[in-house]
Amino acid sequence: MRIVMWRLVLLMFLWSCWIQCCCRRMVKKEKEEHHWIQWNEHEVLAYWQMPLLTGCGLELITSNLGRFDETVEEDAKGIEDSLTLVESLLDLDRSGILQRASGKEKPLPSVVSCICNQTTFVAWLFGRIDKKESDADHAATANATISPAVLKLHSSEVLSSILQHEDYSMQRCGRALAVLPKYASAFDDSDENPAAKSNGEGNNVLDGMEILLLSIAAYRKTDPQIEVECEFLENVFDSLAASLMREDNVADFVEKEGIELMLRCVREKVHSGGGALKVLNFALSGAGNGSNDAYKKACETFVHVGGLKILFPLYMARKSAIPCPATCSEGGSNLAKKGMTKENGGAVSKRAKRAAHARKKWLAEVEHNAIYIMYALTRYIGKDSQYDAHARLLVKFVEDDCEKCDRTIELCLKFDEKARIAEYQYFRSDEAEEAEQAGVDIELAALDAKLRGGGDMFHRLCAILSFACIGSTRSHGHVRDQLKLQGSGISGEWNLSCGLYSRCSRTNVALHAASFFIGSDQRRVEGV
């Protein structure tokens, strides 16, 4: 029976390949005859693949996954082909081709909605990620073309794509990761209805949040040894970070001590520390489209478990606190160090330059995530917060002669310069001329380039400074003196922006202060 089902999946894959070849020939022929001139080969391919969504194709694929034996090379190839087919559907859906092929009269639900609401495919992915390979499995697949590690990596990639979809992050489909229905197949030998098994009660529940945290915990003290492990760890971090866009997942993340685990990874200064900072950013920041109670509690928990002691050294850019990428990654290789040092005076290879660029990108992401986390703390923590979090955060800005305020001012001026350069480069680019000819508002387009170039980070840093100045008179005076000392010419405006804090929301205050820093009062920053 297993061989029969494998042949069925293989025939489906060959059918897809044959359709693709036919579509290419069809498009070429029809274009020559001036028919279907507005359809490309991808749209025609999507037209033929729509029955997979409307004709129970996803249910069939999900049911067959549980029947394969990975130790058999043919079955492993069937799993790989099934994952590739689902990944192709996700790519077509993300690009909007499926919706265009379906027509406006009967719009199709997204592929992620079909997967989450009609199948237990997500539960199978979690089960495959959590699967531990025994020595017997390693011996059986030693000479196999597709190893279990490759299937595990591919499963994590598909899971990351599903959880990053807006339908899941906006809670339009699916459940919280902690209460997922267990994997069920239509071919299971049971008298019970598979739909009744997935009622989310008792032993029929799969804790996906626990699986992700356990996968990360394996690398909390050590680095990945091979590239496949490194990519798998990055996919797990992406999946966890994307899932935290939902408040129900944030509550489970805090309850299962996910914040403590992320801080442990950062404290050990291993490769997992970089991804842990990104997860903390999503866990504390939030999407801003709900009550935000879960994110406020997460910020309070972060302060309570000692997160400030780990965050501020990163915020101050101390090298001894920055996590190091693994040697198997591009940013942690010896080529990265060679590409960043020009003391030898010799020519640097392209690989060394690429590795050095990956290293700089790693350091920039650590700095950005530290700023994002600091901004989230100043956004959600108030005087009514638990664990005396408000006072503990303010003390950090006052201690050591207000060195944290000095660092914030330094970052403000740094990203202010970057934003100005980005705006200048946009006005000098061909893109600005094309936008102006197309009738696009050139001022708003330049403002968008300015925010992307550093204005967004600058806005958040202004909010951090506003928090410190309003909460502490000493910080307020120190910031004013430093602005005068550096000749910024905005000390008076900074007093005004801080005075507005009591009458406006913190976001408006930050925008008001940012308008004086950037000089964009004519750009109407408040309306962005």
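Checked against salt bridge (Lys or Arg N to Asp or Glu O under 4.0 Å), E330 has the following partners two or more places apart in sequence or in another chain: R354. With sequence neighbours left out, S472 forms a side chain to side chain donor-acceptor pair (under 3.5 Å) with S475. Listed by chain and number, the residues in a side chain to side chain donor-acceptor pair (under 3.5 Å) with D91 are R94 (sequence neighbours excluded). T408 pairs by the side chain to side chain donor-acceptor pair (under 3.5 Å) definition with Y315, not counting sequence neighbours. The salt bridge (Lys or Arg N to Asp or Glu O under 4.0 Å) check on R392 picks up nothing, with sequence neighbours excluded. Partners of D388 according to the side chain to side chain donor-acceptor pair (under 3.5 Å) rule, which considers only residues two or more places apart in sequence or in another chain, do not exist here.
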Inset, instruction - Could you walk me through whether C402 and F397 pass side chain to side chain contact (heavy atoms under 4.5 Å, CB included), step by step? - result: CA-CA 5 Å; C402 300; F397 286 95; over 6 Å; no
Inset, instruction - Decide side chain to side chain contact (heavy atoms under 4.5 Å, CB included) for H154 and R128; before the verdict, give the C-alpha distance in whole Å, the side-chain angles of both, and the deciding distance to 0.1 Å. - result: CA-CA 10 Å; H154 201 172; R128 183 60 192 85; over 6 Å; no
Inset, instruction - Mind running side chain to side chain contact (heavy atoms under 4.5 Å, CB included) on L83 and L125 for me, showing each step along the way? - result: CA-CA 10 Å; L83 293 176; L125 292 176; 4.0 Å; yes
Inset, instruction - Applying side chain to side chain contact (heavy atoms under 4.5 Å, CB included), run through I381 and R379 and close with a yes or a no. - result: CA-CA 6 Å; I381 291 180; R379 176 185 179 186; over 6 Å; no
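A251 and A294 get closest at one heavy-atom pair: N-CB, 4.5 Å. Looking at every heavy atom in both residues, L311 comes nearest to A370 through CD1-O, 3.9 Å. C405 and A468 get closest at one heavy-atom pair: SG-CB, 4.3 Å. Shortest non-hydrogen contact noted between C114 and P109 is SG-CG, 3.7 Å. Nearest heavy atoms, L163 versus S243: CD1-CB, 4.4 Å. Here the closest heavy-atom approach between residue A283 and residue V250 is recorded as O-CG1, 3.9 Å.
In this structure, the side chains of S156 and I129 come closer than 4.5 Å at one or more pairs of heavy atoms. Residues L92 and V111 fail the side-chain proximity criterion, which asks for heavy atoms closer than 4.5 Å. Taking 4.5 Å as the limit, every side-chain heavy atom of I115 sits out of range of all side-chain heavy atoms of L89. Contact of the F253 side chain with the L240 side chain is registered, since non-hydrogen atoms from C-beta on lie closer than 4.5 Å. In this structure, L153 and N235 have side chains that are in contact, with non-hydrogen atoms separated by less than 4.5 Å. Contact annotation: the side chain of Y424 never approaches that of R420 to less than 4.5 Å [non-hydrogen atoms, C-beta and beyond]. Using a 4.5 Å cut-off on side-chain heavy atoms (C-beta onward), E166 and S169 make contact. Side-chain contact check for L244 versus Y295: every heavy-atom pair is 4.5 Å or farther apart.
Summarising the geometry, atom CG belonging to L90 is positioned 9.0 Å from atom OG belonging to S110; distances are rounded to the nearest 0.5 Å. Rounding to the nearest 0.5 Å places CD of E300 at 10.5 Å from CG of L377. Rounding to the nearest 0.5 Å gives a distance of 11.5 Å between CE of M262 and CD1 of I373. Note that CD1 of I322 and NZ of K319 are 8.0 Å apart. Values are rounded to the nearest 0.5 Å. Interatomic distance, CE of M374 versus CZ of F312, reported as 3.5 Å (0.5 Å rounding). For the atom pair CD1 (I409) and CG (L483), the distance works out to 5.0 Å, reported to the nearest 0.5 Å.
Both tests pass for K152 against the ring of F232: distance under 6.0 Å to the centre and angle within 45° of the axis. Y168 carries R246 over the face of its six-membered ring, with the cationic atom under 6.0 Å from the centre and within 45° of the normal.
Between the side chain of N281 and the main chain of L277, no donor-acceptor pair closer than 3.5 Å is present. With hydrogens and angles ignored, the 3.5 Å screen pairs a side-chain donor or acceptor of N117 with a backbone N or O of S113. Under the 3.5 Å distance criterion, the side-chain polar atoms of W362 are left unmatched by any main-chain donor or acceptor of C324. A side-chain donor-acceptor contact under 3.5 Å links N249 to the backbone of L177.
Few gaps surround CD on E260; more than 12 heavy atoms of other groups in view lie less than 6.0 Å from it.
Pairs engaging residues 261-271 under the salt bridge (Lys or Arg N to Asp or Glu O under 4.0 Å) rule: R264-E268 [sequence neighbours left out]. Under the salt bridge (Lys or Arg N to Asp or Glu O under 4.0 Å) criterion, no residue pair touches residues 426-435, with sequence neighbours excluded. Sorted by first and then second residue, the ring pair (Phe, Tyr, Trp, His ring centres under 6.0 Å) pairs involving residues 398-421 (not counting sequence neighbours) are H368-F415. For residues 399-413, every residue pair satisfying the salt bridge (Lys or Arg N to Asp or Glu O under 4.0 Å) rule, not counting sequence neighbours, is listed here: R318-E403, E367-R407, K396-E399, E399-K404, D400-K404, R407-E410.
When only modelled atom types and interatomic distance are considered, Q164 and S160 share a side-chain donor-acceptor pair under 3.5 Å.
Between D456 and R460, at least one side-chain N (NZ, or NE/NH1/NH2) sits under 4.0 Å from a carboxylate O, which counts as a salt bridge. Salt bridge annotation for D238-K278: present, with a cationic side-chain nitrogen under 4.0 angstrom from a carboxylate oxygen.
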For residues 207-223, please give each side-chain donor-acceptor pair under 3.5 Å, one per line with the distance, not counting sequence neighbours.
| residue | atom | partner | partner atom | Å |
| --- | --- | --- | --- | --- |
| D207 | OD1 | M209 | N | 3.3 |
| D207 | OD1 | E210 | N | 3.2 |
| D207 | OD2 | K256 | NZ | 2.7 |
| S215 | OG | I211 | O | 2.9 |
| R220 | NH1 | A217 | O | 2.7 |
| D223 | OD1 | H271 | N | 2.7 |

Which atom pairs, donor and acceptor, lie under 3.5 Å between side-chain atoms of residues 301-310 and protein residues at least two apart or in another chain?
| residue | atom | partner | partner atom | Å |
| --- | --- | --- | --- | --- |
| T301 | OG1 | K297 | O | 2.8 |

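Separation of the Y375 and F467 ring centroids does not fall under the 6.0 Å cut-off.
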